[in-house]
Amino acid sequence: MAEKTIFKKIIDGEIQADVIYEDDQCLAFRDIRPQAPTHVLVIPKKEIPKLDDVLEEDAPLMGHLLVVAPKIAAQLGLHNGYRVVINNGPDAGQEVMHIHLHILGGRRLGWPPG
Ligand code: AMP
């Protein structure tokens with residue numbers, strides 16, 4: 001059987017994370033290596049490795065993540081804006097093969113991204 005990803009271990013409570021939101025479909029926790037003053041990851045509890053692997057049947061789940069993200073941003077006080085990022089595959093620098101939304105805020109973010 002394939003080794004669990006670090007995010008699956010967080011979902012299963014095997015390793016600790018600074019969880020700030022949880023419901024039946026997803027979990028949000030602070031990134032361990034923040035790239036902005038506020039950097040949170042939102043992950044589905046369903047194991048989907050990357051955006052390329054999302055199925056038609058996952059549309060409600062992916063929509064749910066996008067509904068939850070602004071609520072978390074508001075809860076964290078990101079009233080002046082924030083960025084939501086999904087890294088997909090090697091060229092995007094995806095490290096963890098469990099799909100996740102980055103919520104980044106608390107400073108002016110450059111564009112285009114590096
Ligand atoms: P990505 O490059 O899009 O795959 O992003 C993976 C993110 O997960 C990186 O920003 C890491 O800092 C973050 N990360 C890795 N391990 C942990 C962990 N145990 N707890 C919180 N964030 C983590």
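Note that ligands are numbered from 1 as they come in the structure, with each ligand's atoms numbered from 1 the same way. These numbers come from a predicted model, not from an experiment.
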Item checked: A17 to ligand 1, any heavy atom closer than 4.0 Å -> no

Show me the side-chain donor-acceptor pairs of residues 35-42 shorter than 3.5 Å, one per line, residues at least two apart or across chains.
unit_1	atom_1	unit_2	atom_2	d
Q35	NE2	R33	O	3.0
H39	ND1	Q35	N	3.0
H39	NE2	D31	OD2	3.3
H39	NE2	H102	ND1	2.8

Next item on the list: Check each atom of ligand 1 against the heavy atoms of R33 and keep those under 4.0 Å away; list them by number with element.
Entry: 11 (C), 12 (O)

Checklist line | Identity and distance of the protein heavy atom lying nearest atom 2 (O) of ligand 1 | finding: G93 O, 2.9 Å

Check: For ligand 1, is any non-hydrogen atom under 4.0 Å from Q35's backbone (N, CA, C, O), its side chain (CB onward), both, or neither?
Finding: neither

Next item on the list: Among all protein heavy atoms, pick out the one at the shortest distance from atom 1 (P) of ligand 1; state its residue, atom name and that distance to 0.1 Å.
Entry: H100 NE2, 3.1 Å

Notebook entry, point to check: For the atom pair SG (C26) and NZ (K45), what is the distance rounded to the nearest 0.5 Å?
Noted result: 7.5 Å

Note to self: Between K4 and E47 (salt bridge meaning N to carboxylate O under 4.0 Å), is one present in this structure?
What the structure shows: no

Notebook entry, point to check: For ligand 1, which atoms sit closer than 4.0 Å to a heavy atom of N87?
Noted result: 1 (P), 2 (O), 3 (O)

Check: Near R30, which atoms of ligand 1 are under 4.0 Å from a heavy atom of that residue?
Finding: 21 (C)

Next item on the list: Write out the residue and atom name of the closest protein heavy atom to atom 22 (N) of ligand 1, then the distance separating them to 0.1 Å.
Entry: I32 N, 3.1 Å

Notebook entry, point to check: Atom CD1 of I99 and atom CG of D53: how far apart are they, to the nearest 0.5 Å?
Noted result: 8.0 Å

Next item on the list: Just go through L101, D31, V40, I6 and tell me whose heavy atom is the nearest to atom 11 (C) of ligand 1.
Entry: D31

Checklist line | Electrostatic pair K9:E3 at N-O distance under 4.0 angstrom | finding: yes

Checklist line | Point-to-point distance, once rounded to the nearest 0.5 Å, from CD of E22 to CD1 of I11 | finding: 9.0 Å

Notebook entry, point to check: When hydrophobic residues are tied together by side-chain contacts of less than 4.5 Å, even through go-betweens, does I86 share a cluster with F7?
Noted result: no

Margin query: Any atom of ligand 1 sitting under 4.0 Å from a heavy atom of M97?
Written below: no

Margin query: Could you check whether any side-chain heavy atom of V84 comes within less than 4.5 Å of a side-chain heavy atom of Y82, counting everything from C-beta outward?
Written below: yes

Margin query: Below a 4.0 angstrom heavy-atom separation, can you tell me which part of I86, side chain or backbone, both or neither, approaches ligand 1?
Written below: neither

Check: Who's the nearest protein heavy-atom neighbour of atom 4 (O) of ligand 1, and how far?
Finding: E95 N, 2.7 Å

Checklist line | D23 and H64 side chains, donor-acceptor separation under 3.5 Å | finding: yes

Margin query: Any nitrogen or oxygen of L41 lying under 3.5 Å from a nitrogen or oxygen in ligand 1? Just yes or no.
Written below: no

